[in-house]
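What follows is one structure encoded as structure tokens, with my remarks underneath.
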Amino acid sequence: QKEVEQDPGPLSVPEGAIVSLNCTYSNSAFQYFMWYRQYSRKGPELLMYTYSSGNKEDGRFTAQVDKSSKYISLFIRDSQPSDSATYLCAMKTSSGSARQLTFGSGTQLTVLP
Amino acid sequence: DVKVTQSSRYLVKRTGEKVFLECVQDMDHENMFWYRQDPGLGLRLIYFSYDVKMKEKGDIPEGYSVSREKKERFSLILESASTNQTSMYLCASSRAGNSYEQYFGPGTRLTVT
């Protein structure tokens with residue numbers, strides 16, 4: 001079983017829809033939870049990160065962490081065609097070396113105009 | 001604007017060749033990483049470096065080596081390329097205490113025939 005599981009999609013939604021992207025994990029030591037966005041033929045870029053539990057909002061994006069369920073989500077409100085990309089969740093423990101960043105396999109999202 | 005550059009976007013090599021992938025960052029970051037990205041498997045860490053001449057194996061180091069002679073430059077070497085090393089290779093960098101925030105290059109699509 002992978003440490004981090006992510007539904008690969010593809011997910012296709014109409015413009016303006018609310019999008020929900022999710023990851024589950026098995027390692028209870030994870031404390032940092034990140035969402036990276038990767039456009040086609042580009043490297044990933046950090047979209048949001050959350051430390052420990054709770055919600056974090058940035059414009060149209062909301063990241064949510066439920067440590068009791070080992071479940072994280074990224075919500076995109078009023079989705080735009082420019083949001084079409086692959087979204088990768090990533091997680092890290094609070095101690096140890098930099099190698100402890102574990103990525104999900106990514107969900108491919110298409111927002112149709 | 002922060003930048004991570006990789007020497008080639010596309011590379012085609014023959015089985016058995018020695019392959020060098022170069023990565024340069026201009027952010028004075030201490031950490032540098034090499035990942036490979038394959039469909040359904042996400043990003044897997046090959047090697048990372050936390051300082052000049054220092055390196056640590058990631059999850060899949062077999063068949064690869066690395067070199068970091070200068071802080072800004074991190075090289076990935078395939079000693080004897082094989083077809084199962086056909087993949088997208090991504091370089092990233094981060095600050096020493098901030099490895100959750102990694103900056104990625106555009107990637108090198110390597111095909112080994």
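On a predicted model such as this, the values are computed, not experimentally measured, just so you know. First the proteins, then the strands, lettered A, B, ... as listed; each starts at 1.
Heavy atoms of other residues, nucleotides or ligands lying less than 6.0 angstrom from CD of A:Q31 number more than 12.
Side-chain heavy atoms closer than 4.5 Å link hydrophobic residues (I, L, V, M, F, W, Y) into clusters, and following such links, even through other members, never connects B:V66 to B:F48. In the hydrophobic clustering of this structure, B:L21 does not group with B:F104; members are Ile, Leu, Val, Met, Phe, Trp, Tyr whose side-chain heavy atoms approach within less than 4.5 Å, directly or through other members. Both A:F33 and A:I76 are assigned to one and the same hydrophobic cluster, defined by single-linkage of ILVMFWY side chains at heavy-atom distances under 4.5 Å. Taken together through direct or relayed side-chain contacts under 4.5 Å among Ile, Leu, Val, Met, Phe, Trp and Tyr, B:I60 and B:W34 form part of one hydrophobic cluster. In terms of hydrophobic clustering, with Ile, Leu, Val, Met, Phe, Trp and Tyr side chains grouped at heavy-atom distances under 4.5 Å, B:F33 and B:Y64 are assigned to different clusters.
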Could you pull out all donor-acceptor pairs under 3.5 Å where a side-chain atom in residues 40-54 of chain A meets a protein atom, sequence neighbours excluded?
from: A:E45; atom 1: OE2; to: A:R37; atom 2: NE; distance (Å): 3.2
from: A:E45; atom 1: OE2; to: A:R37; atom 2: NH2; distance (Å): 3.2
from: A:Y49; atom 1: OH; to: B:Y100; atom 2: OH; distance (Å): 3.2

Side-chain donor-acceptor distances from residues 73-82 of chain B under 3.5 Å, at least two apart:
from: B:S75; atom 1: OG; to: B:E22; atom 2: OE1; distance (Å): 2.8
from: B:S75; atom 1: OG; to: B:E22; atom 2: OE2; distance (Å): 3.2
from: B:E79; atom 1: OE2; to: B:S65; atom 2: OG; distance (Å): 2.8
from: B:S82; atom 1: OG; to: B:N84; atom 2: OD1; distance (Å): 2.5

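Residues B:L43 and A:L88 are in side-chain contact: their nearest non-hydrogen atoms beyond the backbone lie under 4.5 Å apart.
If you take CD on B:E101 and OH on A:Y36, they are separated by 7.0 Å, rounding to the nearest 0.5 Å.
Using a 4.5 Å cut-off between heavy atoms, A:Y39 makes no contact with chain B at all. For B:Y10, the part lying under 4.5 angstrom from a heavy atom of chain A is the side chain only. Heavy atoms closer than 4.5 Å to chain A are found in the side chain of B:L90, but not in its backbone. Proximity to chain A is limited to the side chain of B:Q37, based on heavy atoms less than 4.5 angstrom apart. At a 4.5 Å heavy-atom cutoff, B:R44 makes no contact with chain A through either its backbone or its side chain. Heavy-atom distances place the side chain of A:Q38, and not its backbone, under 4.5 Å from chain B.
The nearest pair of heavy atoms linking B:G40 to A:S105 is O-CB, 3.7 Å.
Of all residues in residues 59-67 of chain A, none places a non-hydrogen atom less than 4.5 angstrom from a non-hydrogen atom of chain B.
Taking B:E72 as the reference, B:V24, B:K70 meet the side-chain contact (heavy atoms from CB on, under 4.5 Å) condition, with sequence neighbours excluded.
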